[in-house]
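Just so you know, these numbers come straight off a predicted model, no measurement behind them. The basis for the numbers below is simple: all heavy atoms, side chains too, and nothing from hydrogens, waters or symmetry mates.
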Amino acid sequence: MMRSVFLRNAKNYLMTGMMLAATLAVLIPLGLIFFHIMKMGMSSVNLDFFTQIPKPTGETGGGMANGMLGSLLMIGMASLIGLPVGIFGAIYLAEFGGSKVSTAIRFSADVLSGTPSIITGMVAYTLLVVPMKGFSALAGSVALAMIMIPIVLRTTEEQLKLVPGSLREASLALGVPMWRTTLRVTLRSALSGVMTGVLLAIARVAGETAPLLFTALGNQFWGKDLTQPMAALPLQIFSFAIAPYEDWHRLAWAGALVLVVVMFGLSLTARYFGRTRTGE
């Protein structure tokens, strides 16, 4: 009896130690990366960084305001394209998910979500950049939307499936049409979970660089025309990091810090909505 208790306790301590070691193996590199980005980028984060565009080669100072504006515009346009497709596609799968078409849609979404983003950029380049005979923010937005759609679709579908069927049945029993029941009852009940998927999708595309290299290309000046090349924060970080100028390296570290903080904030917000949905 005592030997059995000892073995159970030993196994318990062993597994607890292994889980703790696995947790530290994840947290320590993450903490080191964040600390290094803070150390290298904090000194260059100032008012000029958020209000000015990059200075010409050889001049010190400047900022990445045009890149942040470009990222906001392209992410906003990608959201206008990708979120309705993902959400309404998820509604179709949740309400009529037993057909072969639904199975094909789920499989395609899973494949698309696992496709490297650089391939998405190449597809957008072929479909938009080549026919338009020029790089553009619109092509970049479409590439980002293609990344967002499967994330939003699969996340929203799973959240809609968690809505009790009794809510749908009660609404239909009162004579409410199916489409209104879906939008007013089912979707509203899963709204916090849907917001989690939306924020995770935005956080995913906010740091994408590869698809924008094939589509938006980048711009050193202010850009508001979606049919022209446009700056984006990840693109500027990439360009400045490989440049031979020390001042540009400092701006790249500052841009990386801002991008990490934004993505961290989006992830925390998504976590908040997720906790609200589960009642934690």
Side-chain angles (χ1 to χ4, degrees), residues 37 40-57 59-84 117 120-121 124-125 128-129 132 134-148 152 198-243 245 247-270:
I37 293 176
M40 300 296 294
M42 184 62 72
S43 60
S44 297
V45 176
N46 49 40
L47 183 61
D48 290 344
F49 179 83
F50 296 98
T51 58
Q52 296 185 9
I53 63 176
K55 294 288 186 180
T57 304
E59 296 186 21
T60 59
M64 291 186 173
N66 59 332
M68 289 182 281
L69 176 63
S71 290
L72 287 175
L73 290 176
M74 282 189 278
I75 292 174
M77 179 60 67
S79 299
L80 291 177
I81 298 172
L83 296 185
S117 60
T120 305
Y125 175 86
L128 292 172
V129 176
M132 294 174 64
F135 299 94
S136 66
L138 179 60
S141 300
V142 172
L144 296 181
M146 292 171 64
I147 299 174
M148 295 179 70
V152 176
V198 168
L199 291 173
L200 289 176
I202 293 175
R204 163 73 188 278
V205 301
E208 288 292 346
T209 305
L212 299 183
L213 289 172
F214 287 89
T215 52
L217 186 63
N219 192 340
Q220 291 295 320
F221 307 98
W222 293 104
K224 299 179 182 179
D225 188 354
L226 294 177
T227 62
Q228 298 296 322
M230 183 176 291
L233 190 57
L235 282 177
Q236 287 186 317
I237 294 171
F238 172 77
S239 299
F240 284 20
I242 63 176
Y245 310 111
D247 193 59
W248 283 18
H249 292 170
R250 289 194 294 269
L251 287 177
W253 282 113
L257 176 59
V258 171
L259 189 60
V260 167
V261 170
V262 169
M263 295 179 68
F264 184 69
L266 289 173
S267 298
L268 283 181
T269 307

Original post:
After noting the C-alpha distance and the side-chain angles of Lys55 and Thr60, does the key distance pass the side-chain contact (heavy atoms from CB on, under 4.5 Å) rule?
Top reply: CA-CA 7 Å; Lys55 294 288 186 180; Thr60 59; over 6 Å; no
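- The CG atom of Leu212 sits 5.0 Å away from atom CG of Leu235, with the distance rounded to the nearest 0.5 Å.
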Pairs under 3.5 angstrom only: tabulate donor-acceptor contacts from the side chains of residues 247-266 to other protein residues two or more places apart or in another chain.
residue: Asp247; atom: OD1; partner: Arg250; partner atom: NH2; Å: 2.7
residue: Asp247; atom: OD2; partner: Gly61; partner atom: N; Å: 3.2
residue: His249; atom: NE2; partner: Ala243; partner atom: O; Å: 2.4

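- With values rounded to the nearest 0.5 angstrom, Leu217 atom CG is found 8.5 Å from Ser239 atom OG.
- Here the closest non-hydrogen pair linking Leu144 and Val205 is O-CG1, 3.6 Å.
- The distance from atom CE of Met68 to atom CZ of Phe49, rounded to the nearest 0.5 Å, is 5.0 Å.
- Smallest separation of non-hydrogen atoms from Ala201 and Val152: CB-CG2, 3.7 Å.
- Summarising the geometry, atom CG belonging to Leu73 is positioned 8.5 Å from atom NZ belonging to Lys224; distances are rounded to the nearest 0.5 Å.
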Subject >> Working for side-chain contact (heavy atoms from CB on, under 4.5 Å), residues Phe135 and Phe214 >> reply: CA-CA 8 Å; Phe135 299 94; Phe214 287 89; 5.6 Å; no
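- Checking side-chain atoms of Asp48 against main-chain N and O of Gly63 turns up no donor-acceptor pair under 3.5 Å.
- Rounded to the nearest 0.5 angstrom, Thr120 OG1 and Met148 CE are separated by 13.0 Å.
- Of the listed residues (Thr209, Asn219, Asn66), just one forms a side chain to side chain donor-acceptor pair (under 3.5 Å) with Gln236, and that residue is Asn66.
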**OP:** With side-chain contact (heavy atoms from CB on, under 4.5 Å) as the test, would you mind laying out the steps for Ser136 and Leu128 before giving the verdict?
**Re:** CA-CA 9 Å; Ser136 66; Leu128 292 172; 5.9 Å; no
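- The two residues Ala139 and Val129 come nearest to each other via the heavy atoms CB-CG2, 3.8 Å.
- Met74 CE to Glu208 CD: the interatomic distance, rounded to the nearest 0.5 Å, is 12.0 Å.
- Smallest separation of non-hydrogen atoms from Ile147 and Pro211: CD1-CG, 4.1 Å.
- Shortest non-hydrogen contact noted between Met64 and Leu233 is SD-CD1, 3.6 Å.
- Looking at residues two or more places apart in sequence or on another chain, you find no side-chain hydrogen bond (donor to acceptor under 3.5 Å, both in side chains) involving Ser44.
- The number of heavy-atom neighbours closer than 6.0 Å to CZ of Phe50, taken from other residues, nucleotides and ligands shown, is above 12.
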Original post:
Given the rule in the side-chain contact (heavy atoms from CB on, under 4.5 Å) test, do Thr215 and Val142 qualify, once you have shown the distances and angles that lead to the verdict?
Top reply: CA-CA 9 Å; Thr215 52; Val142 172; over 6 Å; no
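- In terms of heavy atoms, Ile75 sits closest to Ala206 at CD1-CA, 3.8 Å.
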